[in-house]
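Right, one structure below, let's go through it.
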Amino acid sequence: MDSKLPEKLLKPFNPKETEERIYKLWEDSGFFAPEVHPTWVDDSSLNENFGKPFTLIMPPTNANGSLHAGHGLVMTIEDIMVRYKRMRGFKTLWLPGLDHAGFETQVVYEKKLEKEGRTRFEIEPKKLYEEILDFTLTNSKNIKSQVRKMGASCDWSREKFTLDPDIVKIVYQTFKKLSDDNLVYRGNRIVSWCSKHQTSFSDLEILDEERIDNFYYLKYGPFVIGTSRPETKFGDKYVVMNPNDERYKDYKDGQKIKLEWINGPIEATIVKDEAVDMEFGTGVMTITPWHDTADFEIAERHKLDKEQIIDENGKLLPIAGEFAGQHIKKARALIIEKLQKKGLVEKINEKYKHVVRTCYKCGTVIEPQIKNQWFVKMKPLAEKALEKINNGEIKYIPDHYKKVSIHWLSNIMDWNISRQIVWGIPIPAKICVKCGAGMVDLDNKIKKCASCGGEVAQDKDTFDTWFSSGQWPFATLGYPDGKDFKTFYPTDVMETAGEIIFFWVSRMIMLGLYVTGEIPFKNVYLHGLVLDAKGLKMSKSKGNVIDPLILTGKYGTDAFRIGMVIGNTPGTSLALAEERIRGYGKFANKIWNATRFVLDNTKDFNNSNTEIKYDEEDKKSDEELKKLVEEITKEMDEYKFYIVAEKIYHYFWHTFADIIIERSKKKILENKNADSAKALVYSQLVTLLKVLHPFMPFVTEEIWQILLPRRKVGEPTEMSALMVEKWPARNASSIADAGGPESK
RNA sequence: GCGCGGUUAGCUCAGUUGGUUAGAGCGACUGUUUUACACACAGUAGGCCGGGGGUCCGAAUCCCUCACCGCGCACCA
């Protein structure tokens, strides 16, 4: 028996010195891969789970970003799940990945260009793509090393990037399938256009912003119309009212009237449509179908003309006459001035509260535009998803996200998947130069337009990032023929931020079901936002961003991890205060010091002696811990990490250290039931290290490696690690195996 | 307007199917340098569980209602 304590155990726990070494030990062991089996014996009579797959696909991290507090939470929660399942004997796969993060990255790169005095509109697209690719790949090394620092036990050999050729191939096949099934179409539809970023968006990239603006009442022939956007009114030649509105019953649908308008006399046509709210304004409005969704729909219903008033840069077109070429921001006041001179302004309400749609990145007011784009018909896809969610095949944690998802899916709109940016997966399609028709063309074979015979050109647009990441679970596993796909799909858990429930989670369900016929994951675990100590959202402008790596550097990764998880219920945002983490740094040291005591006092103790009989109170303590382990095992299976971590923390500190160790001192000193005491402290330490490991992997593994020579007497000296040790309970109802001196 | 959360100790939050004196961490206060640990130990104080109503033998927990805070969705020009 080794009777000397290692030198380092005599000093306080030093996370800095430990973490990199331990991570390397794990990585070298190969245990991150599901195929590399735990060292304990496969006995399914003892463990029903042994060898069953457990799959978690990591949300692909933005390759060009750096680790923020939110990532810290993701890596912690997912690693806890994965380490726990691995210790339970599951064939555990945690697949890491990187995201090219299309628009996000492009915006970052554009800012960089701006600083260099360049702009993307002057750079040849191919070259720009190469530049961003280079930029992204360089930065990706950074994020990958940071993920390692968090202790993530993911299988790096299976790492994927959203632009990998095999991923792109699958994305293309899905696009083709959607097209073949008539679920993707190209058409002139209103899209949300950002004039700064020169791209269209889906409805999710838009932020609603409440504003107080002027609301103008304008004389329009015999009517008074209300508008907050006079700059769009140049082309308005339809005046619409509700057919049931008694006030205007004398005007007939289709009737023409002549009137004086901004730039002279015009002829307008009366249109009756029920979409007009009789209560709002005067109950009469004119429409601008090119720049307003509601107006567009009215125009479609009545087959009305649509004219573009504002160009893609937000400037007025020649239809605006003397105002042509002016930016709409500046033009509004001038137009009102002119209307006032002409006596066409009836009144102005200066306190009009309404909602303006803005670009989520730059805040520019979104200008709806009619554009020829690719759209996915969502209704049929959503219906299938709703079925699976409603019948409980996909479980949400916390539960209320189920309701939120159902609500969104039930009111879903078609999805504009084309983006006018270079950084992304190019859309494999030809566009007819003559008629604008779009044809999916994976093999680059189409030379003439199928509908008009005109010349075709390659589509210059790229896919919305979420179109490719929406296929992530089956794409990363190599659908349809990959071995991993067959073994690990459907995956078990999708763990991600509640914020992207629609962007990502719901779309993965729809696309996964559509392509593979199966749900992509059985459980959705959604975590909340990580906020600053005061509960405010972190932002660079507020200067309250907390860098997780500074905290892990100061207090250790273990302290950070358990601090992130204790008391943090799923879905709830977390206020990250430094004292919180500092406190758990003390806990890591407490574990370290308790270990020193146990090893120091049991060095002469023969732990292979199975004859030890606990005395009365030790027996009680032994049973108490076994009961606790059963309890937390159940809670682990219910994803209640916040309560498990707290229970273990509390037991370790206030029962094991404060009561059991204190009690043992007396017994050992007086040599009264000393063997019982020694056996108990050793056994409890071993069990506690195991259950603590998913939460605090570094300190527990470090101690395990010190313990190992004692535990493995007479056994082969092969690589062994706590991360593949057996969890000390089979399941909630079974008898716990507390490990300890009796274990072989 | 519709939907989803939240309101519990000074702060951050737990509280599972309703059951005896409502919990944790941090903070505060009082002691103690006891041979693993002062990154410690022993202890103390602090809550009409947002307001009102109801069901029940019994409600922080279930139902109704109001108030306030947060978030999401929406084509009222």
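We name chains A, B, ... by the order of the sequence lines, and we start the count at 1 in each one.
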Rounded P spacing from rA28(B) to rA67(B) in Å: 40 Å
No-hydrogen, no-angle side-chain donor-acceptor test under 3.5 Å, D236(A) and T288(A): yes
Separation of the P atoms in rU65(B) and rA24(B), to the nearest angstrom: 36 Å
Distance in angstrom units between H407(A) NE2 and rC73(B) P, rounded: 11 Å
Nearest listed nucleotide, side chain of F280(A), among rA14(B), rC76(B), rA36(B): rC76(B)
Along RNA chain B (nearest heavy atom to each residue), the more 5'-positioned of R229(A) and D203(A): D203(A)
Touch class at under 4.0 angstrom, heavy-atom based, for V240(A) against every strand present: nothing
Sugar-phosphate, base or nothing in reach of F502(A), heavy atoms under 4.0 Å: sugar-phosphate
K379(A) NZ: over 12 foreign heavy atoms closer than 6.0 Å: no
Touch class at under 4.0 angstrom, heavy-atom based, for I501(A) against every strand present: nothing
5′-ward residue of the pair D658(A)/H650(A) relative to RNA chain B: H650(A)
Short side-chain N/O contact to rC41(B) OP1/OP2 from K590(A), under 4.0 Å: yes
Between rU16(B) (P) and E631(A) (CD): distance, integer Å: 14 Å
Base paired to rA24(B) (Watson-Crick or G-U; both N/O distances under 3.5 angstrom): rU12(B)
Minimum-distance nucleotide (side-chain atoms of H400(A) versus rG5(B), rC75(B), rA36(B)): rG5(B)
Gap in Å between the two C1' atoms, one belonging to rC39(B) and one to rG3(B), rounded: 48 Å
Pairing partner of rG3(B) (Watson-Crick or G-U wobble, both distances under 3.5 Å): rC71(B)
Touch class at under 4.0 angstrom, heavy-atom based, for F296(A) against every strand present: nothing
Integer-rounded Å distance: rU12(B) C1' and I581(A) CD1: 12 Å
Side-chain donor-acceptor pair present, Q684(A), T687(A), cut-off under 3.5 Å: no
Sugar-phosphate only, base, or nothing, as touched by T288(A) at under 4.0 Å among non-hydrogen atoms: nothing
Sugar-phosphate only, base, or nothing, as touched by G583(A) at under 4.0 Å among non-hydrogen atoms: nothing
Touch class at under 4.0 angstrom, heavy-atom based, for P12(A) against every strand present: base
Atom C1', compared across rA60(B) and rA45(B): separation rounded to whole Å: 23 Å
Any Y642(A) side-chain N or O less than 4.0 Å from OP1/OP2 of rG15(B): yes
Touch class at under 4.0 angstrom, heavy-atom based, for K534(A) against every strand present: nothing
Heavy-atom pair with the smallest gap, counting every atom of I298(A) and M285(A): CD1-CE, 3.5 Å
Base-pairing assignment for rA42(B) (Watson-Crick or G-U wobble, both under 3.5 Å): rU30(B)
Atom CD of E670(A): over 12 foreign heavy atoms under 6.0 Å: yes
Test item: N416(A) and F201(A) side chains (from C-beta on) under 4.5 Å apart, heavy atoms: no
Touch class at under 4.0 angstrom, heavy-atom based, for A577(A) against every strand present: nothing
From rC75(B), rC76(B), rA77(B), nucleotide with atom closest to D277(A) side chain: rC76(B)
Nearest-angstrom distance from the residue atom CG of L669(A) to C1' of rU35(B): 9 Å
Member of F652(A), W653(A), Y649(A) meeting the ring pair (Phe, Tyr, Trp, His ring centres under 6.0 Å) criterion with Y584(A): Y649(A)
Parallel, tilted or perpendicular: ring planes of Y220(A) versus W261(A), cut at 30 and 60 degrees: perpendicular
Touch class at under 4.0 angstrom, heavy-atom based, for T569(A) against every strand present: sugar-phosphate
Sugar-phosphate, base or nothing in reach of D208(A), heavy atoms under 4.0 Å: base
Between rG15(B) and rA40(B) - P atom distance, rounded Å: 28 Å
Integer angstrom distance from the P of rU8(B) to that of rC37(B): 41 Å
Separation of atom CD in E579(A) from atom P in rC13(B), rounded to whole Å: 14 Å
side-chain N/O K665(A) vs rA36(B) OP1/OP2, d < 4.0 Å: yes
W653(A), nearest nucleotide to its side chain (from rC41(B), rC37(B), rA77(B)): rC41(B)
Heavy-atom donor-acceptor pair, K403(A) side-chain to rC4(B) base, under 3.5 Å: no
Value in whole Å for how far the P atom of rA74(B) lies from CD1 of I206(A): 10 Å
Sugar-phosphate only, base, or nothing, as touched by H654(A) at under 4.0 Å among non-hydrogen atoms: sugar-phosphate
Closest listed nucleotide, where the reference is the side chain of A294(A) and the choices are rC76(B), rC75(B), rA36(B): rC75(B)
Value in whole Å for how far the P atom of rC76(B) lies from CG of D292(A): 9 Å
Separation of atom CZ in F587(A) from atom P in rA36(B), rounded to whole Å: 19 Å
Parallel, tilted or perpendicular, as decided by the 30° and 60° cut-offs, for the rings of W408(A) and F502(A): parallel
Touch class at under 4.0 angstrom, heavy-atom based, for A657(A) against every strand present: base
Sugar-phosphate only, base, or nothing, as touched by M413(A) at under 4.0 Å among non-hydrogen atoms: sugar-phosphate
Euclidean distance for P, rA22(B) against rC29(B) (whole angstrom): 26 Å
